[in-house]
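Each remark here refers to the structure printed beneath this line.
Predicted model only: the values in this text are computed from it and were never measured.
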Amino acid sequence: MEDLQQLQKKLGINFNNLDLLQQAFVHRSYLNEHQFAPGHNERLEFLGDAVLELIVTEYLFDKFSDKPEGELTALRAALVRRETLKEMADELEFHKYLKVSKGEAKNAKDQAAMLSNTIEAFIGATFLDQGLEVVRKFITEHLLPKTDIILQSEAYIDAKSHLQELAQDKESITPTYKVISESGPDHNKIFEVAVYLGSHELAKGTGNSKQAAETDAAAHALESYNAAH
């Protein structure tokens, strides 16, 4: 528990239930080689994901009163996506505290997912132990400053990449796109595109190119997904 004491000091957060803090850093694979009564961190990750989205959504809603819903959704998606949370985990050196099996420790491909999930699990544990305001302070200090960088780079515009990442992570399926219709003259065509997971249609989008219509469809699909979760 010594390392986690150092982490608490670094973050200025003192847990009442240290088992809860430790559980946030226990990957499922670790339990194949060790016993840990509270279990792995996936339930905490589930809770932390919801708390994270709430705080980020509230922040963006208050900060950008002039932005439409679709743009706010895309910006939120960029803030809570795997790469952003992994970057946050790297900055906080969460890898030093993460407990995984020896095999998983060598699997570099899964490191981004494990670290981003650990951020969410830590948020869930902090919410249970310390309450919403402490979590809000943590996210405000360590994640929300990335908003300006994302805006400047326009990274949040890539809805297709985020939808693909989400679909592969949650459903193990890659989204596909199909042109439903084309209208207008050749110099000013309007394309309508539908995005699917398997045979299930997620959403439709329109644009003056196939790429733009696909991006619009992906953004609508993300809106629907976030509304349902």
### Message
So, taking the atom named CZ in Arg82 and the one named CG in Asp169, what distance separates them when rounded to the nearest 0.5 Å?
### Response
4.5 Å
### Message
If the condition is salt bridge (charged side-chain N to carboxylate O under 4.0 Å, His left out), which residues does Lys86 pass it with, not counting sequence neighbours?
### Response
Asp90
### Message
Is there a path of hydrophobic side-chain contacts, each under 4.5 Å between heavy atoms of I/L/V/M/F/W/Y residues, joining Ile119 to Leu54?
### Response
no
### Query
Do other residues, nucleotides or ligands put more than 12 heavy atoms under 6.0 Å from Lys146 NZ?
yes
### Query
Are Thr126 and Phe138 side-chain neighbours, meaning at least one heavy-atom pair lies under 4.5 Å?
no
### Query
Between the main-chain N or O of Asn17 and the side-chain N or O of Asp129, is there a donor-acceptor pair closer than 3.5 Å?
yes
### Message
Working to the nearest 0.5 angstrom, can you tell me the gap between Leu85 CG and Leu52 CG?
### Response
6.0 Å
### Message
Quick check against the 3.5 Å criterion: does Glu120 have a side-chain atom that pairs as donor or acceptor with the backbone of Phe46?
### Response
no
### Query
Is the backbone of Ala78 close enough, under 3.5 Å, to the side chain of Thr84 for a donor and an acceptor to pair up by distance?
yes
### Query
Quick check: are there more than 12 heavy atoms from other residues, nucleotides or ligands sitting under 6.0 Å from NZ of Lys9?
no
### Message
In this structure, would Ile180 and Tyr177 fall into the same cluster of hydrophobic residues linked by side-chain contacts under 4.5 Å?
### Response
no
### Query
Within the distance-only criterion (no hydrogens, no angle test), does the side chain of Glu165 pair as donor or acceptor with the backbone N or O of Arg81 below 3.5 angstrom?
no
### Query
Any link between Leu166 and Tyr196 through a network of hydrophobic side chains (Ile, Leu, Val, Met, Phe, Trp, Tyr) touching at under 4.5 Å?
no
#### Entry: Beyond-backbone contact of Leu143 with Tyr59, side-chain heavy atoms, under 4.5 angstrom
no
### Query
Under a 4.0 Å N-O cut-off, is there an ion pair linking Glu214 with Lys210?
no
### Query
Closest approach of Ala24 and Ala125, non-hydrogen atoms and distance?
CB-CB, 4.1 Å
### Task
Please report the closest heavy-atom contact between Gly39 and Gln23, naming both atoms and the distance.
O-CG, 3.3 Å
### Task
Say whether Leu4 and Phe122 are linked into one hydrophobic cluster, either directly or through other cluster members, by side-chain heavy-atom distances under 4.5 angstrom.
yes
### Query
Would you say the side chain of Lys204 lies within less than 4.5 Å of the side chain of His220, judging by non-hydrogen atoms?
no
### Message
Counting only heavy atoms from other residues, nucleotides and ligands, does the tally under 6.0 Å from CZ of Phe61 exceed 12?
### Response
no
